[in-house]
**Q** 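One structure, as structure tokens, below. Some questions next.
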Amino acid sequence: MTSAKPIKPFAQTGFSYTLSLISGKYKMTILYCIAEYDIVRFNEMKRYIGSVSYKTLSTALKELERDGLVHREEFPQIPPKVEYSLTEKGISMIPILDTMCYWGQDQMRADLERKATEGPKAEKPIETCPVAS
């Protein structure tokens, strides 16, 4: 008789923990932006992402800082200057994001090739992953 492997609740898995750190519409984009530019100011990040509201960006940055992925440095000057960078923990997530980027590039290429055989639709060119390049 085979013994069944005990089922661990999803909330107790490493995968669940990882998702709890990076879930949210913009968190992975924020991490990738900071990884690409090393040190980023709030308005630079807003321009990079584009579609995010100030409140949403601010909330996501606070959560990433609380979870130890992002370091926030405030400079005592007028006007206020705040810079964001990745912590060691944040840097350790970049290979995961790179892997997702490569997977996405492969899938986009495959989709473009499939669509090319279906008809002559114009598609956007595929950009390379910025951090890994």
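Positions are given from 1, in the same order as the sequence printed here.
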**Q** Apply side-chain contact (heavy atoms from CB on, under 4.5 Å) to residues Glu65 and His71 and explain how you reach the verdict.
**A** CA-CA 6 Å; Glu65 181 184 9; His71 171 73; over 6 Å; no

**Q** Drop me the distance from Cys33's SG to Lys46's NZ, to the nearest 0.5 angstrom.
**A**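 Rounded to the nearest 0.5 Å, the SG-NZ separation comes out at 12.5 Å.
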
**Q** Give, for atom CD1 of Ile34 and atom OG1 of Thr29, the distance between the pair rounded to the nearest 0.5 Å.
**A** 11.0 Å

**Q** Counting only heavy atoms from other residues, nucleotides and ligands, does the tally under 6.0 Å from CZ of Phe10 exceed 12?
**A**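 Result for CZ/Phe10: enclosed.
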
**Q** What are the two closest non-hydrogen atoms of Ser51 and Tyr26, and how far apart are they?
**A** OG-OH, 3.3 Å

**Q** Taking C-beta and beyond as the side chain, do Leu21 and Lys27 meet within less than 4.5 Å on heavy atoms?
**A** no

**Q** Locate the shortest heavy-atom distance separating Asp67 from Ser20; write the atom from each residue and the value.
**A** OD2-O, 4.4 Å

**Q** Do Glu73 and Ile39 come close enough that some side-chain heavy atom pair is under 4.5 Å?
**A** no

**Q** Mark yes when over 12 heavy atoms from residues, nucleotides or ligands other than Lys25 sit less than 6.0 Å from its NZ; otherwise mark no.
**A**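 No, not enclosed.
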
**Q** Sub-3.5 Å donor-acceptor pair from the side chain of Thr56 to the main-chain atoms of Val52, do we have one?
**A** no

**Q** Short question: side chain of Ser58, backbone of Lys55 - any donor-acceptor pair under 3.5 Å?
**A** no

**Q** So do Leu57 and Ile30 actually touch side chain to side chain, heavy atoms under 4.5 Å?
**A**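 Yes. Closest side-chain heavy atoms under 4.5 Å.
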
**Q** Are the side chains of Leu69 and Met93 in contact, using a 4.5 Å heavy-atom criterion?
**A** yes

**Q** Please determine whether residues Val70 and Tyr54 belong to a single hydrophobic cluster, defined as Ile, Leu, Val, Met, Phe, Trp and Tyr linked transitively by side-chain heavy-atom distances below 4.5 Å.
**A**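 Yes; Tyr54 is reachable from Val70 via cluster members.
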
**Q** Is it the case that one hydrophobic cluster holds both Ile22 and Trp103, taking links as side-chain heavy atoms less than 4.5 Å apart, direct or via other members?
**A**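 Different clusters: Ile22 never reaches Trp103 through Ile, Leu, Val, Met, Phe, Trp or Tyr contacts under 4.5 Å.
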
**Q** Supply the atom-to-atom distance Gln12 CD to Tyr17 OH, rounded to the nearest 0.5 angstrom.
**A**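 Answer rounded to 0.5 Å: 15.0 Å.
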
**Q** Taking side chain as C-beta onward, heavy atoms only, is Tyr32 less than 4.5 Å from Leu97?
**A**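 Of all side-chain heavy-atom pairs linking Leu97 with Tyr32, at least one is under 4.5 Å.
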
**Q** State, yes or no, whether a side-chain contact exists between Arg109 and Gln105 at a heavy-atom distance under 4.5 Å.
**A**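 Touching, per the 4.5 Å side-chain cut-off.
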
**Q** The criterion is side chain to side chain donor-acceptor pair (under 3.5 Å); which residues satisfy it with Arg72, sequence neighbours excluded?
**A**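 With sequence neighbours excluded, Arg72 shows a side chain to side chain donor-acceptor pair (under 3.5 Å) to Glu74, Tyr84, given in chain and number order.
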
**Q** Might you confirm whether atom CD of Glu88 has over 12 heavy atoms from other residues, nucleotides or ligands at distances under 6.0 Å?
**A** no

**Q** Can a salt bridge be assigned to the pair Glu83 and Lys81 using a cut-off of 4.0 Å between side-chain N and carboxylate O?
**A** yes

**Q** Under a single-linkage definition using a 4.5 Å side-chain heavy-atom cutoff for Ile, Leu, Val, Met, Phe, Trp and Tyr, are Met100 and Leu64 assigned to the same hydrophobic cluster?
**A**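 In one cluster with Met100: Leu64, yes.
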
**Q** Which is it for Asp38 and Ser85 under the side-chain contact (heavy atoms from CB on, under 4.5 Å) test, yes or no, and what are the steps along the way?
**A** CA-CA 6 Å; Asp38 295 322; Ser85 59; over 6 Å; no

**Q** Tell me, yes or no, whether the heavy-atom count around Phe75 atom CZ, taken from other residues, nucleotides or ligands under 6.0 Å, exceeds 12.
**A** yes

**Q** Does Thr13 offer a backbone N or O that forms a donor-acceptor pair with the side chain of Ser16 under 3.5 Å?
**A**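 Checking the backbone N and O of Thr13 against the side chain of Ser16, no donor-acceptor pair under 3.5 Å is found.
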
**Q** Checking Glu44 side chain against Arg41 main chain: does a donor-acceptor pair fall under 3.5 Å?
**A**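 Present.
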
**Q** First locate atom OG1 of Thr117, then atom CD of Glu113, and finally report the distance between them rounded to the nearest 0.5 Å.
**A**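 If we round to the nearest 0.5 Å, Thr117:OG1 and Glu113:CD are 9.0 Å apart.
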
**Q** Has the side chain of Thr87 got a donor or acceptor atom that lies under 3.5 Å from a matching backbone atom of Gly68?
**A** yes

**Q** For Gly14, is there any backbone N or O sitting under 3.5 Å from a side-chain donor or acceptor partner on Thr18?
**A**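 Answer holds: yes.
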
**Q** To check you understand the geometry: which heavy-atom pair defines the closest contact between Ser92 and Pro95, and what is its length?
**A** O-CD, 3.4 Å

**Q** With a 4.5 Å cut-off on side-chain heavy-atom distances among I, L, V, M, F, W and Y, is there a chain of contacts connecting Phe15 to Ile96?
**A**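 No; Ile96 is not reachable from Phe15 via cluster members.
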
